[in-house]
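In what follows, a structure is listed as structure tokens, so that the remarks can point back to it.
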Amino acid sequence: MEINKRKLIHVLSITLIIVGLSMIPSLICSFINNNQQQVKSFLLPMFVCLSIGGILLRLFEKSTKPLKIRDCYIMVFSIIVTACVAGAFPYYLSIKNATFIQSVFESTAGFTTTSATVFYEPSMAPSLILWKGIEHWVGGIAILVFILSILPMLGIGDQQIATAEAHGTMLNKIAPRSFQIIKYIFIIYSGITLISFIYFALVKTGLFDALILALSTSSTAGILLHPEGISYYNSFLVELGVSVLSIFSGLSFVVYIHLYKRNFSELKRNMEFRAFLLIIAISSIFIGISLFRHGHGGFLRSIADGFFQVSSFATTSGFALQNYALWPSTCVFVLIAVMLIGGCSASTTGSFKVIRFLIVLKLIGKGFAKRIHPRSVHSVKIGNSPINSSMVISVTTFTMVYFMTILISTLIISIQNLDIESSLGATIGAISNSGISFGVVGMSGNYNVFHPLLQLFISFLMIVGRVGLVTISIIFIPSFWRPHRMMRIKI
């Protein structure tokens with residue numbers, strides 16, 4: 001298969017430049033803390049990224065040859081892998097006895113907005129914690145914006161971008177051009193980050209903690225700043241801010257664009273928006289009542305703890321207030337369920353997404369209705385919007401591949417002979433981009449217990465969860481690389 005190498009190298013060179021420039025705040029932090037080792041650890045990879053990116057950008061100018069859909073899939077996957085590998089060097093050069101595989105894992109967790117670590121984040125230097133937060137912020141939206149802004153200039157259409165990126169199911173076009181969508185997304189994302197920083201600064205978490213919490217909540221990717229988690233602050237206002245701001249980031253950006261355009265009627269018809277909030281509300285109340293009945297504390301305290309942990313799992317932000325694994329089994333089951341569902345499409349959250357969950361429920365309802373009334377014709381609708389057959393096939397395919405991947409990945413991780421709770425929890429935590437889970441991973445999201453090869457595999461799962469399951473799966477199909485040879489399925 002012929003690949004448009006010139007455009008691929010051109011885009012990857014821009015990726016290296018963005019990663020290099022993103023290291024500047026951490027480099028400044030190292031200077032402020034007068035840590036010479038940290039300064040070298042950021043200055044060297046920053047110089048290399050900017051140099052290589054600049055040279056390649058100069059040598060490989062934009063090609064006039066249009067991109068094919070296969071080029072888009074390869075480009076999206078190559079961008080995230082390049083960013084993860086380039087971002088691993090500050091960890092590798094800074095942390096004593098760190099292996100490159102561990103560094104790649106940490107960087108991948110950063111760019112995929114996964115609250116996972118192998119270095120135990122509270123023990124890392126401030127500049128590295130800041131770098132992890134910046135990786136989360138960039139991975140949450142900047143790389144998505146980069147993909148949507150650069151690829152159209154390289155000659156690819158909007159529909160191809162949506163298919164290649166596979167970030168979520170968009171039922172309605174919200175703007176006629178990609179540039180307008182990018183502008184809206186950047187303003188919304190930056191606005192949520194700024195509001196978050198101001199809020200946490202006002203509730204007196206400290207400026208550095210406020211910055212990290214702002215980067216984390218806006219990207220729905222928690223960082224364990226203190227061993228006690230969010231309970232370190234012993235503040236209801238901090239807990240409430242983390243929960244609410246994570247939910248804001250877990251909403252589809254389409255909602256905010258409609259608000260900006262004052263299309264309030266569209267919000268009423270947005271079934272995913274209402275379903276997401278309803279799932280969080282019902283789950284929080286259920287867990288709160290269950291905790292109260294089991295003597296967790298007062299009723300309001302139980303509801304508050306339930307709301308915090310549900311919002312963390314539902315938005316895949318990965319924040320933890322306490323050891324939720326010790327909660328009643330019904331509470332644990334609900335947390336797993338909301339983590340599997342995830343947040344809204346076109347948001348910074350990972351996992352299955354609410355819109356797909358709703359479509360699957362509609363398909364199940366249609367199946368039952370067809371059994372009762374065989375001659376009736378039932379169309380699948382989300383609100384008043386009918387879902388076309390190609391969308392239904394896409395969601396069905398994603399559903400099958402998603403849960404097959406979880407089963408196969410759990411089998412692979414279980415090779416280390418850990419208990420099933422740890423193996424399954426690590427798989428779901430990685431592919432949902434939540435990071436925190438159950439078993440040995442726990443509320444700290446520490447994956448250091450796994451073998452280096454399994455850490456690489458889990459890194460791959462995090463990329464799959466962030467970039468798109470079908471996107472990555474297609475790349476590994478032989479017919480993708482041999483387009484003239486059709487894939488045959490024998491039954």
Side-chain angles (χ1 to χ4, degrees), residues 4-63 74-95 98 100 102-113 124-154 182 186 189-190 193 211-212 215 219 459 463 466-467:
N4 195 331
K5 299 182 181 65
R6 180 172 291 274
K7 282 191 176 181
L8 177 61
I9 296 175
H10 182 80
V11 171
L12 293 182
S13 63
I14 297 177
T15 302
L16 288 173
I17 292 174
I18 291 176
V19 173
L21 293 175
S22 299
M23 294 181 186
I24 294 177
S26 297
L27 178 62
I28 296 174
C29 182
S30 301
F31 273 116
I32 294 174
N33 292 326
N34 197 24
N35 191 325
Q36 297 302 318
Q37 178 61 33
Q38 297 294 321
V39 170
K40 295 177 182 178
S41 300
F42 282 101
L43 188 60
L44 180 59
M46 184 184 73
F47 175 77
V48 172
C49 286
L50 293 177
S51 299
I52 295 177
I55 293 172
L56 292 178
L57 192 63
R58 186 83 175 179
L59 294 176
F60 295 88
E61 297 180 355
K62 289 190 297 183
S63 171
I74 295 171
M75 198 169 287
V76 170
F77 181 69
S78 300
I79 287 171
I80 187 66
V81 171
T82 300
C84 292
V85 173
F89 285 97
Y91 302 108
Y92 181 66
L93 298 174
S94 298
I95 301 175
F100 191 67
Q102 288 177 319
S103 303
V104 169
F105 181 97
E106 199 74 22
S107 179
T108 303
F111 281 115
T112 58
T113 68
M124 292 197 301
S127 57
L128 286 178
I129 294 177
L130 178 59
W131 173 234
K132 186 75 174 285
I134 292 172
E135 282 184 314
H136 284 324
W137 198 90
V138 172
I141 198 63
I143 286 183
L144 175 61
V145 170
F146 166 72
I147 292 171
L148 292 175
S149 61
I150 297 300
L151 292 185
M153 291 189 291
L154 296 178
I182 293 163
F186 185 80
Y189 194 66
S190 301
T193 306
L211 176 60
I212 300 302
L215 294 172
S219 62
S459 299
I463 292 175
R466 184 68 184 97
V467 176

First locate atom CE of M124, then atom CG of L130, and finally report the distance between them rounded to the nearest 0.5 Å.
-> 10.5 Å
Taken to the nearest 0.5 Å, the spacing of I79 CD1 from T15 OG1 works out to 4.5 Å
Partners passing ring pair (Phe, Tyr, Trp, His ring centres under 6.0 Å) against F100 (at least two apart in sequence or in another chain) = F89, Y92
With sequence neighbours excluded, residues passing salt bridge (charged side-chain N to carboxylate O under 4.0 Å, His left out) with E106 = K132
Let me know which of V11, L16, I17, I52 forms a side chain to side chain contact (heavy atoms under 4.5 Å, CB included) with L57.
-> I17
Do L12 and I9 come within less than 4.5 Å of each other through their side chains, counting heavy atoms only?
-> no
Closest approach of C49 to G20 (non-hydrogen atoms, all atoms of both residues) | CB-CA, 4.0 Å
Quick one: does I80's side chain get under 4.5 Å of V76's, heavy atoms only?
-> no
Could you state the interatomic distance from CD1 (I18) to OG (S13), rounded to the nearest 0.5 Å?
-> 9.5 Å
Could you list all the salt bridge (charged side-chain N to carboxylate O under 4.0 Å, His left out) pairs where at least one residue sits in residues 35-54, not counting sequence neighbours?
-> none
Who pairs with T112 by side-chain hydrogen bond (donor to acceptor under 3.5 Å, both in side chains), at least two apart in sequence or on another chain?
-> T114
Partners passing side-chain hydrogen bond (donor to acceptor under 3.5 Å, both in side chains) against S94 (at least two apart in sequence or in another chain) | Q38, S41
For T113 and S219, work out which heavy atoms get closest and say how close.
-> CB-O, 3.6 Å
Backbone N/O of G87 and side chain of W131: donor-acceptor pair under 3.5 Å = yes
State, yes or no, whether a side-chain contact exists between I463 and F111 at a heavy-atom distance under 4.5 Å.
-> no
If you round to the nearest 0.5 Å, how far is CE of M75 from OG1 of T82?
-> 11.0 Å
Whether R466 side chain and A109 backbone form a donor-acceptor pair below 3.5 Å = no
side-chain hydrogen bond (donor to acceptor under 3.5 Å, both in side chains) filter on T193, not counting sequence neighbours, yields W137, S218
Of all the heavy-atom pairs spanning F42 and S30, show the shortest one and how long it is.
-> CD1-OG, 3.8 Å
From S127 OG over to Q37 CD, what is the distance, rounded to the nearest 0.5 angstrom?
-> 10.0 Å
Closest non-hydrogen atom pair between A98 and S103, with its separation | CB-OG, 4.2 Å
d(L211 CG, I129 CD1) to nearest 0.5 Å is 11.5 Å
